[in-house]
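The basis for the numbers below is simple: all heavy atoms, side chains too, and nothing from hydrogens, waters or symmetry mates. Per chain, numbering begins at 1; letters A, B, ... match sequence-line order.
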Protein chains: 2
Amino acid sequence: MTARDALVDAAKTLLSTQGYEATSPRDVQASSGVGQGSFYHHFAGKADLAFAALLSLADEMSDAFDSLADGDGIDLIGGYLNVPRDALSGCRIGRIAMESSMADDRIRVPIAGYFSHMRLRLTGAFSLLDTGIAPEALADLAIATVQGGYVLARVTADPQALRNATSALDSLIRSFGATGDDR
Amino acid sequence: MTARDALVDAAKTLLSTQGYEATSPRDVQASSGVGQGSFYHHFAGKADLAFAALLSLADEMSDAFDSLADGDGIDLIGGYLNVPRDALSGCRIGRIAMESSMADDRIRVPIAGYFSHMRLRLTGAFSLLDTGIAPEALADLAIATVQGGYVLARVTADPQALRNATSALDSLIRSFGATGDDR
DNA sequence: GTCTATAGAACGATAGAC
DNA sequence: GTCTATCGTTCTATAGAC
């Protein structure tokens with residue numbers, strides 16, 4: 001593996017677990033095994049490495065999202081809401097949202113790519129249901145429930161808080177009759 | 001105003017806007033106008049000042065929550081979901097949830113106090129409705145929707161994302177018939 | 001109780017040999 | 001392209017005069 005790839009891989013892990021601001025170039029260098037100077041040979045600075053790492057992470061997570069369900073209806077919504085999550089660790093990519101560095105497009109834009117991907121798929125799934133509520137807004141609600149569930153779980157130190165939130169939303173949505181394809 | 005109070009006040013503002021890790025003792029000292037040494041005369045360290053500041057902030061925000069509605073039913077839920085928010089700034093206290101310092105009880109516990117307060121009030125409000133879903137879980141859903149709405153708004157750089165999520169949840173809940181007291 | 005001055009470590013980034 | 005060495009700054013915290 002080339003030094004550049006080693007840096008990106010190490011950055012993905014560190015950004016996922018510590019966020020952006022808490023991850024120093026030194027951390028990435030030490031964790032990847034490359035020397036101090038190689039970092040700045042391949043990247044202009046910390047934010048440029050983060051851009052590359054977050055693009056790759058967003059792709060990876062978008063793929064993981066796509067493998068949550070076969071179909072496009074209530075299956076996808078239920079799959080997304082009910083997939084097991086490590087609630088106390090927080091979302092690997094959403095955790096960065098509250099940092100000041102979101103003002104930097106090299107940080108925000110790759111993250112936004114992942115959320116746009118989910119939003120598009122979920123909007124499609126909700127438009128197959130008959131709720132009388134805008135499918136885009138329901139997609140935002142589903143995503144917000146998961147992201148906020150992480151917040152609540154970490155604040156209360158109780159992973160159940162995330163499951164409470166997602167399963168309550170799942171119940172609310174299913175009470176609308178789930179257009180036939182619920183098995 | 002005593003130096004201690006000036007430090008706590010400055011810390012509340014800085015923690016609200018930058019989070020914990022991004023707020024340095026120097027920032028607080030400069031912003032409060034006191035000298036370098038006074039900080040460590042009144043507090044054992046950064047985490048101890050944060051504890052005092054977060055306790056006060058949580059109290060303040062709990063009071064603000066209580067003034068959202070007169071009653072205890074759908075009024076409170078609707079009031080909480082629909083109150084105008086500065087979506088792109090993030091929640092003044094929830095923004096800290098994803099930082100590593102949540103492992104320190106001096107940071108987590110005062111924040112948890114605010115969330116417990118909301119959870120208790122919202123659980124009471126939801127138990128007046130007839131949804132067939134656990135009121136505690138619905139309370140967690142409402143809180144998660146707001147917190148996750150902040151995340152989504154910041155990621156997409158669009159404040160509308162938070163309003164989408166809260167108003168979609170409001171619509172879902174009201175479609176259950178809102179036990180009579182909706183005007 | 002308040003202040004100025006400064007400690008020792010980590011920060012993001014650069015220099016320059018090989 | 002990779003490395004070691006180091007820059008100037010900021011971090012959290014302490015020393016010690018007044």
Taking atom types as modelled, is there a side-chain donor on [X] or [Y] under 3.5 Å from an acceptor on the other?
X: B/Gln160; Y: B/Arg163; answer: yes
X: B/Gln18; Y: A/Ser100; answer: no
X: B/His117; Y: B/Asp66; answer: yes

Under 4.0 Å from OP1 or OP2 of [N]: is there any side-chain N or O of [X] that close?
X: A/Ser24; N: C/dC11; answer: yes
X: B/His41; N: D/dT14; answer: no
X: A/Tyr40; N: C/dA13; answer: yes

- Looking across every strand, which nucleic acid part, if any, lies under 4.0 Å from B/Ser38 by heavy atom: base, sugar-phosphate, or nothing?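 If one applies the 4.0 Å heavy-atom cut-off, B/Ser38 turns out to touch a base.
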Roughly, in whole Å, what's the span from [atom1] in [X] to [atom2] in [N]?
X: B/Phe43; N: C/dT2; atom1: CZ; atom2: C1'; result: 15 Å
X: A/Glu21; N: C/dC11; atom1: CD; atom2: C1'; result: 13 Å
X: A/Phe39; N: C/dC11; atom1: CZ; atom2: P; result: 12 Å
X: B/His42; N: D/dA13; atom1: NE2; atom2: C1'; result: 16 Å

- Task: Give a yes or no on whether a donor-acceptor pair under 3.5 Å exists between the nucleobase atoms of D/dT12, that is its base, and the side chain of B/Arg26.
- Result: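 Result: at least one qualifying N/O pair found.
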- Message: Go nucleotide by nucleotide along DNA chain D from the 5' end; which of A/Ala3 and B/Gln29 gets its closest nucleotide reached first?
- Response: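 In this pair, the answer is A/Ala3.
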- Query: Does B/Arg121 count as lying over the ring of B/Phe115, i.e. NZ or CZ under 6.0 Å from the six-ring centre, within 45 degrees of the axis?
  - Reply: no
- Nearest of C/dG1, C/dA5, D/dA5 to any side-chain atom of A/Gln36?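 Closest nucleotide among those given: D/dA5.
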- With the side chain of A/Val34 defined as its heavy atoms from C-beta on, choose the nearest nucleotide among D/dC11, C/dG12, D/dC3.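 Selected nucleotide: D/dC3.
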